[in-house]
Novice: 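I'd like to ask you about the structure that follows.
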Amino acid sequence: MNGKRNGKPEARGTRSGAPTTSAATAGRKQYFRRRKVCKFCDEKIDVIDYKEVKLIGQFISERGKILPRRLTGTCSPHQRLLAVAIKRARNIALLPFATKL
Amino acid sequence: MHRYEVLFILRPDAPDDEIDKAITQMEGYAAAAGGKLEKTEKWGRRKLAYRVRGHREGFYALFVLEGTPHTVSELERRMKVADAIIKFLTIRIDEEQKRAAKRAELRAKKLSRQKPKQPAPAHASSHQAAEAGQV
């Protein structure tokens, strides 16, 4: 019994890295990449400094929004620290609050 | 006594010596209010991510100081009043640093514990080593 057969694959929130290639999912880009590791856990970074704009800036979108964990692969404790750092950086004009596309 | 970090932005259109003067003035205020300056950094002119008081660029300066909350509120009050300073952000850093030091310590302890046991095969310790490797 293949449990994933009922309805559209995306309704199930599949965690597979490879998108299923069927007509129903054509154009669907929501699948996240293969199990990315948390960058901070990997490099053993303890402190996420709001001043390190080059590092922090990797985790915001083109519009300046904070990227979700499922896209960046960050683990939850680090994501929380990252969010705090990004917000601080925004407050001191090191990062934008919002940019026009 | 807590450790604080104060990052502030000065108007870029003032001549350099005026900017330096303003920074040393702030250092004086901090010391007068009972603070001990540990570090002063001048980052220079930088493009701002958004317009602040009409400016697109600013001169960034950083203080790391040890002091009481009273020191901080005094310093911030002066900064609010100063014309040269257009934005400031004060953060308390001792808790953060303590936590980071703790984590680093734990990690060092973990590593020193696992290393000698690693070559042992099919052992309870090898299971621990695998776990440590996962993190």
Side-chain angles (χ1 to χ4, degrees), chain A residues 15 17 32-67 69-70 72-101, chain B residues 3-12 39-64 76 79 85-111 131-135:
Chain A
R15 301 182 114 248
F32 60 95
R33 321 252 176 119
R34 338 210 134 247
R35 297 303 158 85
K36 272 183 153 187
V37 288
C38 169
K39 188 183 171 105
F40 303 102
C41 286
D42 201 30
E43 296 174 14
K44 313 271 197 237
I45 299 176
D46 278 331
V47 173
I48 303 182
D49 196 1
Y50 66 98
K51 300 194 290 293
E52 292 172 21
V53 176
K54 284 209 196 94
L55 176 62
I56 304 292
Q58 292 171 10
F59 296 88
I60 59 171
S61 72
E62 299 153 358
R63 289 196 80 168
K65 298 182 177 185
I66 300 179
L67 290 170
R69 269 182 61 200
R70 58 187 172 81
T72 62
T74 313
C75 69
S76 48
H78 281 134
Q79 179 74 3
R80 288 192 288 270
L81 290 174
L82 177 64
V84 167
I86 292 178
K87 290 172 186 176
R88 280 182 187 164
R90 283 174 173 172
N91 270 296
I92 194 96
L94 289 169
L95 283 176
F97 281 98
T99 52
K100 287 212 165 81
L101 270 177
Chain B
R3 292 187 87 207
Y4 297 96
E5 194 175 82
V6 184
L7 183 59
F8 56 98
I9 310 179
L10 299 117
R11 283 174 187 275
K39 188 161 72 153
T40 305
E41 261 181 42
K42 291 187 195 155
W43 289 6
R45 294 200 161 76
R46 237 194 112 109
K47 187 155 182 292
L48 298 176
Y50 48 86
R51 295 185 83 165
V52 180
R53 305 244 189 125
H55 296 285
R56 292 222 159 109
E57 246 194 15
F59 192 102
Y60 280 80
L62 175 72
F63 285 172
V64 177
E76 287 195 336
M79 287 193 179
I85 297 181
I86 54 178
K87 226 184 209 296
F88 59 88
L89 180 66
T90 317
I91 289 179
R92 191 170 148 182
I93 56 173
D94 40 2
E95 290 295 335
E96 215 174 270
Q97 288 180 338
K98 261 202 281 181
R99 237 178 279 133
K102 214 178 176 193
R103 276 196 75 177
E105 225 185 88
L106 282 172
R107 218 187 294 127
K109 262 203 269 183
K110 230 182 180 188
L111 278 175
E131 246 180 60
Q134 288 292 353
V135 176

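Keep in mind that what you see is a predicted model, and the values were worked out from it rather than measured. Lettering follows sequence order; numbering is per chain, from 1.
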Novice: May I ask you to name which of A/V47, A/L81, A/L94, A/V53 has the most heavy-atom pairs under 4.5 Å with chain B?
Specialist: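 Of A/V47, A/L81, A/L94, A/V53, A/L94 has the most heavy-atom pairs under 4.5 Å with chain B.
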Novice: Under a 4.5 Å heavy-atom cut-off, does chain A meet the side chain of B/I93, its backbone, both or neither?
Specialist: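 Neither part.
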Novice: Does A/D46 pair with B/R99 as a salt bridge, N-O distance under 4.0 Å?
Specialist: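 Salt bridge between A/D46 and B/R99, a charged N being under 4.0 Å from a carboxylate O: no.
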Novice: Can you pull out the residues in residues 48-56 of chain B with any heavy atom less than 4.5 Å from chain A?
Specialist: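 Under the 4.5 Å heavy-atom cut-off, B/L48, B/A49, B/Y50, B/V52 qualify.
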Novice: Counting only heavy atoms closer than 4.5 Å, note whether A/L95 contacts chain B via side chain, backbone, both or neither.
Specialist: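 Contact with chain B involves the backbone of A/L95 alone.
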Novice: Between B/Y60 and chain A, with a heavy-atom cut-off of 4.5 Å, which part of the residue counts as in contact: side chain, backbone, both or neither?
Specialist: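 Side chain of B/Y60 only, per the 4.5 Å heavy-atom cut-off to chain A.
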Novice: Find out whether B/F8 and A/I92 are in side-chain contact, i.e. whether some heavy atom of one side chain is under 4.5 Å from a heavy atom of the other.
Specialist: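 The answer is no; the side chains never approach within 4.5 Å.
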Novice: Among residues 54-63 of chain A, which residues come closer than 4.5 Å to chain B, judged by heavy atom distances?
Specialist: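 Against chain B, none of the residues of residues 54-63 of chain A fall inside the cut-off of heavy atoms under 4.5 Å.
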Novice: Donor-acceptor pair, A/K44 side chain versus B/A104 backbone, under 3.5 Å?
Specialist: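 Not a single qualifying donor-acceptor pair exists.
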Novice: Which value, rounded to the nearest 0.5 Å, describes the distance between A/K51 atom NZ and B/L7 atom CG?
Specialist: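 Result: 7.0 Å between the selected atoms.
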Novice: Kindly write out the residues that satisfy salt bridge (Lys or Arg N to Asp or Glu O under 4.0 Å) with B/K39, not counting sequence neighbours, or none if the list is empty.
Specialist: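 Scan of B/K39 (salt bridge (Lys or Arg N to Asp or Glu O under 4.0 Å), adjacent residues dropped) gives B/E41.
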Novice: Please list, chain by chain and in numerical order, all residues satisfying side-chain hydrogen bond (donor to acceptor under 3.5 Å, both in side chains) with A/R90, sequence neighbours excluded.
Specialist: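 Per chain and number, A/R90 pairs via side-chain hydrogen bond (donor to acceptor under 3.5 Å, both in side chains) with no residue.
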